[in-house]
Every structure is written in structure tokens, then in C-alpha cells.
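In this text the structure is predicted, and so the values were computed from the model without any measurement. If you read the sequence from its start, that first residue is 1, and numbering goes on from there.
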Amino acid sequence: MIGGDDWSEVQHLQAQFGRALDTGDFEALREIFTADVEYTSGGSTKSGIDALVASFVGRASAPRTTRHLPGPPVVVAHTGDAIDTVLTCVAWAAHSKPVAQTAEVYMVADFHDTYRRTPKGWRISARRIVPVLRNAALAPRPVGAPA
């Protein structure tokens, strides 16, 4: 069981992740994930923080508005300097800038995360995203793709 400052830090990382994506501040991911992160989503794995940041920059599309709402993490394992969790995240999206007239759920997914204690505090060292529900029409469009 984890608690106190450790639990607060884990929950804060989840909020920071959603905020980074929703504001397009992909450089902020460097303070959320470890340098050697393994991030699996959509059938591909990004190894290392540079590859992860580049993947988000490369898929940034305009106009697009999102809001990611992660549920509370459920601890699966805790070994002192590592924590494994699973949580459900709901993401809304619209291919327009705020304030969109309509918004739909883009994806409901389970995040299987491993946190590692680092000299800078807890960081996510592995994330595997397992979609539960997904609206492909609201997926991010690559830079330069037609609307």
C-alpha cells in the first residue's frame, strides 16, 4: 500500500500528463516520464523520452481540442522503488479549437503504468495503453494531413 506524498505524486503525474497533451506542451512529458521510458500505444512502442516527445509533436494536428480525464490509479504491485498501477482514462476530442460546439468521447482506455522512484521523485517508466472504446474519426491527424 502506498500513501502520503508518494500517492500524491503518482496522482499528480497523471494530471500533468493529461494537461501536457491538452495544452500541446509535449516538452512537459520530460518531467513525467523517465529518460528510458517504454511507451506502448496503438500497436507501437516508443523507447526513450526523445522518441516519445517526437511522436507527440509529429502527430500534433490543428485544429484539435482534447481533454484527458484519468481515473484514480489502482495499485497492482508496490516494491518500494517501483509501483505498478492500472487506471482508466477518458479522452474527449473535437477537430476544432475551443470552444467547440460539440465534443465526443475519442477514447476510453486502460493505462498500465510502472512508476520508478528517481532522484527527481516518482516518474512513469513504462506505459501500455489498452483501448476499450475508440472513435477513429476523432484520432489525431498527422501534421499536414487534410482536415
Side-chain angles (χ1 to χ4, degrees), residues 2 5-76 81-147:
I2 66 170
D5 291 341
D6 291 339
W7 186 241
S8 294
E9 215 172 319
V10 163
Q11 291 184 305
H12 186 69
L13 288 169
Q14 292 300 337
Q16 285 179 294
F17 174 76
R19 188 74 181 147
L21 268 55
D22 294 341
T23 62
D25 183 7
F26 305 124
E27 286 298 318
L29 298 175
R30 296 179 188 282
E31 298 301 316
I32 299 165
F33 294 93
T34 60
D36 62 347
V37 64
E38 292 289 318
Y39 187 101
T40 302
S41 178
S44 71
T45 298
K46 307 300 182 268
S47 297
I49 192 63
D50 291 337
L52 179 60
V53 170
S55 74
F56 278 103
V57 169
R59 75 178 198 179
S61 59
R64 181 173 165 83
T65 302
T66 62
R67 286 300 178 264
H68 291 76
L69 297 171
V74 174
V75 175
V76 179
D81 288 335
I83 303 169
D84 292 330
T85 69
V86 64
L87 66 81
T88 299
C89 183
V90 179
W92 279 265
H95 288 301
S96 63
K97 281 297 183 190
V99 169
Q101 296 302 308
T102 62
E104 297 181 48
V105 172
Y106 159 55
M107 184 167 25
V108 176
D110 292 333
F111 288 13
H112 298 262
D113 293 338
T114 298
Y115 298 81
R116 191 169 68 221
R117 190 186 310 268
T118 73
K120 293 183 176 183
W122 290 99
R123 296 292 186 267
I124 303 170
S125 63
R127 168 165 283 170
R128 183 172 53 90
I129 298 177
V130 179
V132 177
L133 304 167
R134 186 173 184 274
N135 180 346
L138 294 173
R141 297 176 179 146
V143 173

Review point. Is there a side chain to side chain contact (heavy atoms under 4.5 Å, CB included) between Gln14 and Ile124 once you walk through the steps?
Key: CA-CA 9 Å; Gln14 292 300 337; Ile124 303 170; 4.1 Å; yes
Exercise for review: Indicate the atoms forming the closest heavy-atom contact of Ala139 with Tyr106, along with that distance.
Suggested key: CA-CE1, 3.4 Å
**Study point:** Exercise: identify the closest heavy-atom pair between Ala109 and Pro131
**Key:** CB-CA, 3.9 Å
Practice item. Evaluate salt bridge (Lys or Arg N to Asp or Glu O under 4.0 Å) for Asp50 paired with Arg30, printing each intermediate quantity in order. Key: CA-CA 8 Å; Asp50 291 337; Arg30 296 179 188 282; 2.7 Å; yes
Point to revise | 4.5 Å side-chain heavy-atom contact, Arg117 and Asp6 | key: yes
Review point. Atom CG of Leu13 and atom CD1 of Ile32: how far apart are they, to the nearest 0.5 Å?
Key: 7.0 Å
Study note, to complete from the structure: In terms of heavy-atom contacts, Pro73 and Trp7 come closest through O-CH2, 3.0 Å
Practice item. Decide yes or no on side chain to side chain contact (heavy atoms under 4.5 Å, CB included) for Val108 and Thr88, but give the supporting numbers first. Key: CA-CA 7 Å; Val108 176; Thr88 299; 3.7 Å; yes
Practice item. Could you tell me whether the side chain of Val10 reaches within less than 4.5 Å of the side chain of Ile83, counting heavy atoms only? Key: yes
Review point. Are side-chain heavy atoms of Thr34 and Thr118 found at a separation under 4.5 Å?
Key: yes
Exercise for review: List the steps, then state whether side chain to side chain contact (heavy atoms under 4.5 Å, CB included) holds for Arg116 with Asp36.
Suggested key: CA-CA 11 Å; Arg116 191 169 68 221; Asp36 62 347; 2.9 Å; yes
Review point. Phe33 vs Phe17 aromatic rings, parallel, tilted or perpendicular, using cut-offs 30° and 60°?
Key: perpendicular
Review point. How about Trp92 and Leu138: do any of their side-chain heavy atoms sit closer than 4.5 Å?
Key: no
Exercise for review: Check step by step if side chain to side chain contact (heavy atoms under 4.5 Å, CB included) holds for Val37 and Arg127.
Suggested key: CA-CA 8 Å; Val37 64; Arg127 168 165 283 170; 5.7 Å; no
Check your understanding: With distance as the sole test, does Thr65 use its side chain to make a donor-acceptor pair with the main-chain N or O of Ser96 at under 3.5 Å?
Key -> yes
Review point. Mind checking whether Ile129 and Tyr39 have side chains closer than 4.5 Å, heavy atoms only?
Key: yes
Point to revise | Within-4.5 Å side-chain heavy-atom neighbours: Arg19 and His68 | key: no
Exercise for review: May I ask you to decide if Trp122's main-chain N or O and Glu9's side chain share a donor-acceptor pair within less than 3.5 Å?
Suggested key: yes
Practice item. Answer yes or no: is there a side-chain heavy-atom contact under 4.5 Å between Leu21 and Leu29? Key: yes
Exercise for review: Flag the pair Tyr115 / Arg123 as yes when at least one side-chain heavy-atom distance between them is below 4.5 Å, and no otherwise.
Suggested key: no
Review point. If you draw a 6.0 Å radius around CG in Asp5, do more than 12 non-hydrogen atoms from other residues or ligands fall strictly inside?
Key: no
**Study point:** Heavy-atom closest pair, residues His95 and Ala137
**Key:** NE2-O, 3.1 Å
